[in-house]
Enquirer: 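The structure that follows is given in the form of structure tokens.
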Amino acid sequence: MNRESPLENTTPSIRLRGVGKSFGGVSVLRNVDLDIPPGVIHGLVGENGAGKSTLGKIIGGYYSISEGSMEAFGESADPWTPKDALDRGVAIMHQELQLVPELTVAENVFLGIEDHRLGVLSGTEAERLMPIIKATGFEVDPSAKVADLSIADRQKIEVMRALARSAKVIVMDEPTSSLSANETQKLHETMQKLRASGGTVVYVSHFLDNILEVCDSVTILRDGDLVRTAPRENESKDTLVSAMLGGGRSEISFPEKSRLKERRTALEVRSLSSANGTRDASFHVDRGEIVGLIGLVGGGRTEILRAVIGADKSTGGDVLVHGEPYPNRSIAESNRRGIVMVPEDRRKLGLIMTMAVRTNLTLPHLPSFATPLGRILAAAEKSKARDAIDHFQVKPSDVDGDILNYSGGNQQKVLLAKWLLRDPEIVILDEPSRGVDVGARRRIHEAIAELASKGAAVLLVSSELEEVLGLAHRAYLVANGGVFDEFAPEGKTEVDVLRSLFRLQQQPPEARAP
């Protein structure tokens with residue numbers, strides 16, 4: 001890719017000197033020196049908990065620094081709040097989406113910067129949004145209510161919000177975690193246009209291929225320390241991973257697949273349909289088996305999972321658990337039967353962001369930590385939470401830490417640990433490694449393999465095809481809410497699967513026979 005080198009001897013857009021950040025006495029960033037010049041795309045990489053999102057939020061004004069100093073465009077950034085940052089031309093789009101569900105797409109994009117006359121809103125947001133939609137290539141309805149949109153579409157809104165503020169520096173924290181490959185390419189093209197116009201993009205991502213494709217330079221963080229900043233041309237995927245993890249370790253590999261000697265079906269789905277778009281879906285998962293559902297964004301994978309566990313009402317078909325019909329499904333009854341689901345959206349559906357790590361871990365299981373009179377046995381609860389934190393290598397390892405201050409990847413580990421705390425028999429995973437870096441992904445993959453080795457039936461959905469192919473014993477293709485074409489992942493490549501999915505999508509509905 002052709003890149004223009006940034007001008008030398010120019011004032012940095014952002015300059016950090018000796019910057020550190022602590023939460024409750026726990027240091028998450030230490031002595032960071034960094035210059036980010038204008039007209040570049042600068043990558044920030046590191047394991048979850050390394051401090052990259054924290055650094056991005058410092059630049060965006062959402063976190064104050066605990067020590068050191070920061071300059072923006074050659075002037076002191078003290079004080080530095082989100083408003084100060086926006087007023088000075090620095091915007092941030094968050095990994096955890098900051099949207100108002102009951103407002104429309106256009107209203108969210110221009111929230112706080114609406115056109116008005118004498119205090120009366122002009123209602124021009126939809127019209128103002130059209131040039132941004134054209135520039136990004138994102139297909140989204142300006143009048144759609146955000147509450148009705150998928151995670152992928154909500155992520156596009158976050159990108160457009162940042163662009164609408166005409167910022168000179170935009171911090172993008174994991175902007176592609178829910179985007180398709182085509183949408184990611186469109187975002188990269190938008191970033192390149194910003195760079196060409198003299199703008200600066202700080203690109204925080206765990207997708208190392210994306211970093212290497214589009215960035216001019218990259219900063220690597222490990223455990224709160226800055227390892228190095230280097231031109232992109234000096235780095236490869238292996239050098240980045242090695243620096244992120246330390247000790248010369250390279251790219252992650254998947255755990256060895258093993259099966260139970262005795263094969264018994266734990267979950268069977270027959271011709272399941274739901275009001276949310278599941279159509280005549282049939283498949284099964286055995287004890288000790290990991291089964292993947294592979295589909296393109298919007299293909300109905302999540303809707304199938306929700307119909308199985310009872311989060312959405314089914315309109316037809318049957319679900320059998322250990323051979324017995326399971327009608328009138330609900331989340332509460334599923335949990336009682338040992339069926340759990342780790343949802344895709346950890347902030348909205350998975351964790352209570354105002355509670356501590358321990359409370360999030362044990363909340364669904366409080367009866368097992370209570371006396372007959374309902375008194376919580378705090379010591380037993382704390383011990384179980386500590387075991388889960390140690391098992392998943394959550395950082396920081398404080399059982400009473402504020403979950404809001406944890407990185408996205410460590411929040412994800414807490415979410416997984418929460419639902420695996422009581423050794424469930426059937427585990428449904430929706431994007432288990434979304435927003436998770438190489439090191440955290442390795443631990444999550446190990447935990448999934450451990451579940452299956454102990455006899456749990458695992459149903460896995462992931463937008464990362466490599467993840468499904470690497471973990472699953474069997475997989476099915478999903479399109480338009482239906483389940484098709486069972487296959488063994490061994491010997492299959494991502495290209496093979498994508499070709500099958502595109503071919504399946506192009507067929508008329510009546511030709512898509514399971």
Enquirer: Quick one: does Asn410's side chain have a donor or acceptor within less than 3.5 Å of a partner on Lys395's backbone?
Expert: yes

Enquirer: Apply side-chain contact (heavy atoms from CB on, under 4.5 Å) to residues Phe207 and Thr176 and explain how you reach the verdict.
Expert: CA-CA 8 Å; Phe207 292 108; Thr176 65; 3.4 Å; yes

Enquirer: For residues Val458 and Val285, determine if any side-chain heavy atom of one lies less than 4.5 Å from a side-chain heavy atom of the other.
Expert: no

Enquirer: Is it the case that more than 12 heavy atoms not belonging to Glu490 sit under 6.0 Å from its CD atom?
Expert: yes

Enquirer: Could you check whether any side-chain heavy atom of Ser13 comes within less than 4.5 Å of a side-chain heavy atom of Pro38, counting everything from C-beta outward?
Expert: yes

Enquirer: Name all residues meeting the ring pair (Phe, Tyr, Trp, His ring centres under 6.0 Å) criterion together with Phe138; count only those two or more places apart in sequence or in a different chain, and write none if there are none.
Expert: none

Enquirer: For the CE atom of Met160 and the OG1 atom of Thr190, what is their distance to the nearest 0.5 Å?
Expert: 10.5 Å

Enquirer: Using every non-hydrogen atom in the two residues, find where Ile294 and Leu465 come nearest and quote the distance to one decimal.
Expert: CG2-CD2, 3.3 Å

Enquirer: Is Glu303 paired with Arg279 through a side-chain N to carboxylate O contact shorter than 4.0 Å?
Expert: no

Enquirer: If only atom types and distance count, is the side chain of Arg165 paired as donor or acceptor with the main-chain N or O of Arg161 below 3.5 Å?
Expert: yes

Enquirer: Under the side-chain hydrogen bond (donor to acceptor under 3.5 Å, both in side chains) test, which residues partner Asp225, sequence neighbours left out?
Expert: Arg30

Enquirer: What distance do Leu469 atom CG and Lys492 atom NZ have between them, rounded to the nearest 0.5 Å?
Expert: 9.5 Å

Enquirer: So do the side chains of Pro231 and Ser217 get within less than 4.5 Å of each other, counting heavy atoms only?
Expert: no

Enquirer: Could you list all the ring pair (Phe, Tyr, Trp, His ring centres under 6.0 Å) pairs where at least one residue sits in residues 180-199, not counting sequence neighbours?
Expert: His188-Tyr203

Enquirer: Charged N to carboxylate O under 4.0 angstrom, Arg195 versus Asp216?
Expert: yes

Enquirer: Okay, side chain of Gln412, backbone of Pro432: is any donor-acceptor separation there less than 3.5 Å?
Expert: yes

Enquirer: Show the numbers, then the answer: is there a side-chain contact (heavy atoms from CB on, under 4.5 Å) between Val269 and His284?
Expert: CA-CA 6 Å; Val269 176; His284 73 277; over 6 Å; no

Enquirer: Are Arg263 and Asp286 close enough for a salt bridge, meaning some N to O gap below 4.0 Å?
Expert: yes

Enquirer: Looking only at atom types and distance, does a side-chain atom of Thr136 sit under 3.5 Å from a main-chain N or O of Ile132, one as donor and one as acceptor?
Expert: yes

Enquirer: What's the spacing between Asp430 CG and Arg306 CZ if we round to 0.5 Å?
Expert: 9.5 Å

Enquirer: With a 4.5 Å cut-off on side-chain heavy atoms, are Leu272 and Val319 touching?
Expert: yes

Enquirer: Report the C-alpha separation of Thr265 and Leu320 in whole Å, then their side-chain angles, then the decisive distance to 0.1 Å, and conclude whether the side-chain contact (heavy atoms from CB on, under 4.5 Å) test is met.
Expert: CA-CA 9 Å; Thr265 298; Leu320 285 76; over 6 Å; no

Enquirer: How many angstroms lie between CD in Glu233 and CG in Leu212, if you round to the nearest 0.5 Å?
Expert: 10.0 Å

Enquirer: Please report the shortest heavy-atom distance between Val204 and Ser53, naming the atom on each side.
Expert: CG1-OG, 4.3 Å

Enquirer: How many angstroms lie between CD in Glu213 and OG1 in Thr184, if you round to the nearest 0.5 Å?
Expert: 9.0 Å

Enquirer: Donor-acceptor pair, distance only, cut-off 3.5 Å: does the side chain of Arg329 make one with the backbone of Ala307?
Expert: yes

Enquirer: Looking at every non-hydrogen atom in both residues, tell me the closest pair between Leu260 and Ser453 and how far apart they are.
Expert: CD2-O, 3.8 Å

Enquirer: Which residues pass the side chain to side chain contact (heavy atoms under 4.5 Å, CB included) test with Asp141, sequence neighbours left out?
Expert: Ser143, Ala144

Enquirer: List in chain and number order the residues that pass side chain to side chain contact (heavy atoms under 4.5 Å, CB included) with Arg264, two or more places apart in sequence or in another chain; answer none if no residue qualifies.
Expert: Glu262, Arg287

Enquirer: Quick one: salt bridge (charged side-chain N to carboxylate O under 4.0 Å, His left out) partners of Lys156, sequence neighbours excluded?
Expert: Asp153, Glu183

Enquirer: Without swapping roles, check the side chain of Lys413 against the backbone of His391 for a donor-acceptor pair under 3.5 Å.
Expert: no

Enquirer: Residues two or more places apart in sequence or in another chain: which of them pass side chain to side chain contact (heavy atoms under 4.5 Å, CB included) with Leu404?
Expert: Arg347, Met353, Asp402

Enquirer: Got a donor-acceptor contact below 3.5 angstrom from the Ser334 side chain to the Ser330 backbone?
Expert: yes

Enquirer: Dump the intermediate steps for side-chain contact (heavy atoms from CB on, under 4.5 Å) on Val497 and Leu477, then the final yes or no.
Expert: CA-CA 8 Å; Val497 174; Leu477 299 182; 4.0 Å; yes

Enquirer: So do Leu420 and Val427 actually touch side chain to side chain, heavy atoms under 4.5 Å?
Expert: yes

Enquirer: Could you list the residues that satisfy side-chain hydrogen bond (donor to acceptor under 3.5 Å, both in side chains) with Glu446, not counting sequence neighbours?
Expert: Arg443

Enquirer: Would you mind listing every side-chain hydrogen bond (donor to acceptor under 3.5 Å, both in side chains) that reaches into residues 420-429, with sequence neighbours excluded?
Expert: His322-Glu425

Enquirer: Not counting sequence neighbours, which residues clear side-chain hydrogen bond (donor to acceptor under 3.5 Å, both in side chains) with Ser274? List them please.
Expert: Thr278

Enquirer: Suppose the criterion is salt bridge (Lys or Arg N to Asp or Glu O under 4.0 Å): which pairs have a residue in residues 467-484, not counting sequence neighbours?
Expert: Glu289-Arg474, Arg474-Glu486

Enquirer: Test of understanding: with side chain to side chain contact (heavy atoms under 4.5 Å, CB included), list the residues that count as partners of Arg154, not counting sequence neighbours.
Expert: Leu97, Leu99, Val146, Leu149, Asp345, Lys348

Enquirer: Can you name the closest pair of heavy atoms from Gly43 and Ile211 and give their distance?
Expert: CA-CD1, 4.0 Å

Enquirer: Between the side chain of Asn108 and the main-chain N/O of Val100, is any donor-acceptor distance below 3.5 Å?
Expert: yes

Enquirer: Going from CG on Asn234 to OG1 on Thr239, what distance comes out if it is rounded to the nearest 0.5 angstrom?
Expert: 8.5 Å

Enquirer: What is the minimum heavy-atom distance between Ala281 and Val483, and which atoms define it?
Expert: CB-CG2, 3.6 Å

Enquirer: Ion pair present between Arg301 and Glu431, side-chain N to carboxylate O less than 4.0 angstrom?
Expert: yes

Enquirer: Between Lys52 and Ser205, what is the shortest heavy-atom contact and its length?
Expert: CE-O, 4.4 Å

Enquirer: Quick check: does any side chain N or O of Ser282 sit under 3.5 Å from a backbone N or O of Ser271, one acting as donor and the other as acceptor?
Expert: yes

Enquirer: Are the side chains of Phe484 and Val478 in touch, meaning some heavy atoms are under 4.5 Å apart?
Expert: no

Enquirer: Are any of the side-chain heavy atoms of Ile36 and His42 separated by less than 4.5 Å?
Expert: yes

Enquirer: Can you find a pair of side-chain heavy atoms, one from Val45 and one from Leu221, that are under 4.5 Å apart?
Expert: no

Enquirer: Look at the side chain of Arg222 and the backbone N and O of Ala243, then say whether any donor-acceptor pair between them is shorter than 3.5 Å.
Expert: yes

